[in-house]
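Structure first, then comments.
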There are 2 protein chains.
Amino acid sequence: MTFSVAAETIAAAPVSIPATVAVSGPAAATEKSRCAGCAARSKGLCAALPAEELPELTAASRTINLLSSTPVVLEGAEADSVFTVVSGMLKLYKTLPDGRQQITGFATAGDVIGLAVGEVYAYTAETVTASTVCRAPRTTLHRLMERRPAVQGRLLAMTSVELSAAQDQILLLGCKTAVERVASFLLALSRRSRPLPDGSPSVFLPMPKVDIGAYLGLRPETLSRVLRKLEDAGAITRLTNDRIRLDDAAALEATATLAA
Amino acid sequence: MTFSVAAETIAAAPVSIPATVAVSGPAAATEKSRCAGCAARSKGLCAALPAEELPELTAASRTINLLSSTPVVLEGAEADSVFTVVSGMLKLYKTLPDGRQQITGFATAGDVIGLAVGEVYAYTAETVTASTVCRAPRTTLHRLMERRPAVQGRLLAMTSVELSAAQDQILLLGCKTAVERVASFLLALSRRSRPLPDGSPSVFLPMPKVDIGAYLGLRPETLSRVLRKLEDAGAITRLTNDRIRLDDAAALEATATLAA
DNA sequence: AGGAACCCTTGATCCAGATCAGGGCAGGCA
DNA sequence: TGCCTGCCCTGATCTGGATCAAGGGTTCCT
């Protein structure tokens with residue numbers, strides 16, 4: 001069963017899946033174009049859309065509010081929809097038959113989820129925090145791409161950036177030690193988030209430690225020990241469980257052994 | 001220094017780089033369109049080109065024959081050209097400051113090398129065997145994409161496939177054991193090569209063992225031990241140093257623990 | 001308030017694969 | 001012909017991170 005069924009039939013959703021909080025689709029969209037006011041309008045694929053395409057997209061898409069730990073797409077399921085993250089955070093992962101999981105990435109506002117090469121999704125996507133996503137049929141995306149080369153160009157650019165990030169992750173997993181992996185991860189995240197009021201860079205880690213470990217190819221125990229070591233060395237401070245301040249970014253850079 | 005300089009000025013090439021054997025470009029192309037008869041005409045990006053675009057591409061591109069162990073693009077160098085592999089095999093790798101190398105992939109006929117997100121190449125590409133590649137200016141590719149959406153679509157498709165492969169590699173590096181990695185690698189390669197005359201699948205491994213190790217995140221000693229274990233178990237036979245026959249693909253599938 | 005279910009952290013021990021070391025073989029060159 | 005340089009294989013040992021085990025904190029539910 002794909003999540004989309006649950007999204008549209010809230011009452012019938014199995015209790016094992018946390019309930020959708022709200023859905024707004026064609027029925028709820030009394031305004032001319034819900035997309036025009038969307039928080040993700042200027043991000044991801046939608047940034048490549050001229051205003052005149054919005055009404056059709058509004059008609060074809062649905063905005064879905066999700067609690068945390070809710071699957072959005074399932075690895076191996078028929079890939080009939082694509083999703084844009086409006087807010088929140090999701091984890092994308094692949095699973096081996098015996099249950100081992102590898103997180104391939106985290107998706108935030110503007111990221112597109114569910115693009116598939118073949119007929120089925122290549123990974124599972126699940127919310128880490130309460131999130132809002134926008135679902136559109138795959139066919140709508142294809143039609144938009146045919147009509148608007150800019151959309152295809154934008155998708156190519158986004159895919160290329162993702163590919164580059166995936167190759168960086170291959171380097172991390174294939175070559176780097178535990179400390180190097182964690183330092184690289186913290187620095188990469190800090191580049192995408194704004195610094196604290198006092199100017200020092202920080203990172204927000206809403207996901208459990210076991211997920212960060214599954215992303216970095218480490219066990220949560222190892223992650224915990226590495227963070228402690230970095231904290232003892234004065235490179236970071238753990239402000240709360242989900243917020244880390246980078247006190248010595250230069251030291252982190254040095255231990256991250258970034259690619260030339 | 002980028003390789004392109006060496007390619008066009010053979011006599012001036014430093015001796016440390018094995019010499020280019022032959023170059024055919026505008027000066028050598030007396031025929032109407034060299035591209036029309038190219039071995040890679042039906043592959044990769046060129047497959048998306050209508051015949052009427054070929055003369056311009058022929059005029060803008062150069063075919064380059066290379067000995068083995070010759071760099072084609074260098075990580076960090078200005079990304080002014082893109083290359084299509086016509087024949088042979090190249091390895092693509094990233095390097096850490098201390099010299100550790102991670103091979104992110106091997107490129108064969110039809111593969112495109114040198115696409116960059118930013119201004120510089122994200123990896124080094126170097127021939128593993130004697131190879132023929134075709135070089136074109138990045139601007140030519142951009143012009144073709146603007147004029148022919150099909151080219152952009154093909155590039156998007158190729159990039160998406162590469163991204164999917166990269167995510168499989170992330171799963172391999174993050175989760176799998178040494179035996180599982182080697183079994184997955186052999187099976188993946190066997191799917192792309194034709195079986196032996198007797199019908200059994202086989203793989204051709206022209207690259208040194210240390211390169212296969214650098215691709216799988218293993219030391220060559222470990223790779224050697226794993227291959228011996230698989231051979232003792234009757235799953236494979238090492239016919240020559242660079243050719244392995246898969247005697248029991250089902251057993252390999254089982255040990256590869258492929259993703260669901 | 002009690003307690004159940006998670007997380008996170010730390011300590012002790014284990015092991016898969018890295019590292020170190022040495023020997024054999026094939027191809028290239030003087 | 002004989003040396004030399006890579007590459008490959010195998011054995012011995014080491015170690016970084018996994019695994020096993022246990023305690024404490026927080027949140028949510030009853």
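Just so you know, these numbers come straight off a predicted model, no measurement behind them. Scope of the values below: all heavy atoms of this structure, side chains included, with no hydrogens, waters or symmetry mates. Lettering follows sequence order; numbering is per chain, from 1.
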- request: Go through the side-chain N and O atoms of B:E75 and B:Y93 and say whether any donor and acceptor fall under 3.5 Å apart.
  value: no

task: May I ask you to decide if B:T70's main-chain N or O and B:T127's side chain share a donor-acceptor pair within less than 3.5 Å?
output: yes

- prompt: Within this structure, what is the CG-to-P distance between B:L67 and C:dG28, rounded to whole angstrom?
  reply: 13 Å

- request: Rounded off to whole Å, could you give me the CG-to-P distance for the B:L205 and D:dC8 pair?
  value: 10 Å

- prompt: Should A:N241 be listed as having a side-chain N or O under 4.0 Å from OP1 or OP2 of C:dC7?
  reply: no

- prompt: Looking just at side-chain N and O atoms, do B:S202 and B:R243 make a donor-acceptor pair shorter than 3.5 Å?
  reply: yes

- prompt: Where do B:Q167 and A:L92 land on the side chain to side chain contact (heavy atoms under 4.5 Å, CB included) test, with the steps shown first?
  reply: CA-CA 10 Å; B:Q167 288 170 342; A:L92 318 181; 5.9 Å; no

message: Any salt bridge linking A:K43 with A:D111? Criterion: basic side-chain nitrogen under 4.0 Å from a carboxylate oxygen.
response: no

field: side-chain hydrogen bond (donor to acceptor under 3.5 Å, both in side chains) partners for B:T177, two or more places apart
entry: B:E180

- prompt: Distance only, no hydrogens: is a donor on one side chain within 3.5 Å (strictly under) of an acceptor on the other, for A:K176 and A:S184?
  reply: yes

- prompt: Does A:T95 offer a backbone N or O that forms a donor-acceptor pair with the side chain of A:Q102 under 3.5 Å?
  reply: no

Between C1' of D:dT26 and CG of A:D242, the distance in whole Å: 13 Å

Please tabulate, for the side chains in residues 208-217 of chain B, all donor-acceptor contacts under 3.5 angstrom to protein atoms that are two or more places apart in sequence or on a different chain.
unit_1	atom_1	unit_2	atom_2	d
B:K209	NZ	B:N241	O	3.3
B:D211	OD1	B:K91	NZ	3.1
B:D211	OD2	B:K91	NZ	3.2

- prompt: Heavy atom of residues 226-237 of chain A under 4.0 Å from DNA chain D: which residues?
  reply: none

field: Bending between helix ends of the helix from C:dA1-D:dT30 to C:dA30-D:dT1 [5 pairs per end, 10° resolution]
entry: 30°

query: In the 5'-to-3' direction, what one-character label does each nucleotide of nucleotides 12-23 of chain D receive under the scheme B = base within less than 4.0 Å of a protein heavy atom, S = sugar-phosphate only, - = no such atom?
result: B----SSBB---

query: A:V161: what forms a side-chain contact (heavy atoms from CB on, under 4.5 Å) with it, not counting sequence neighbours?
result: B:V117

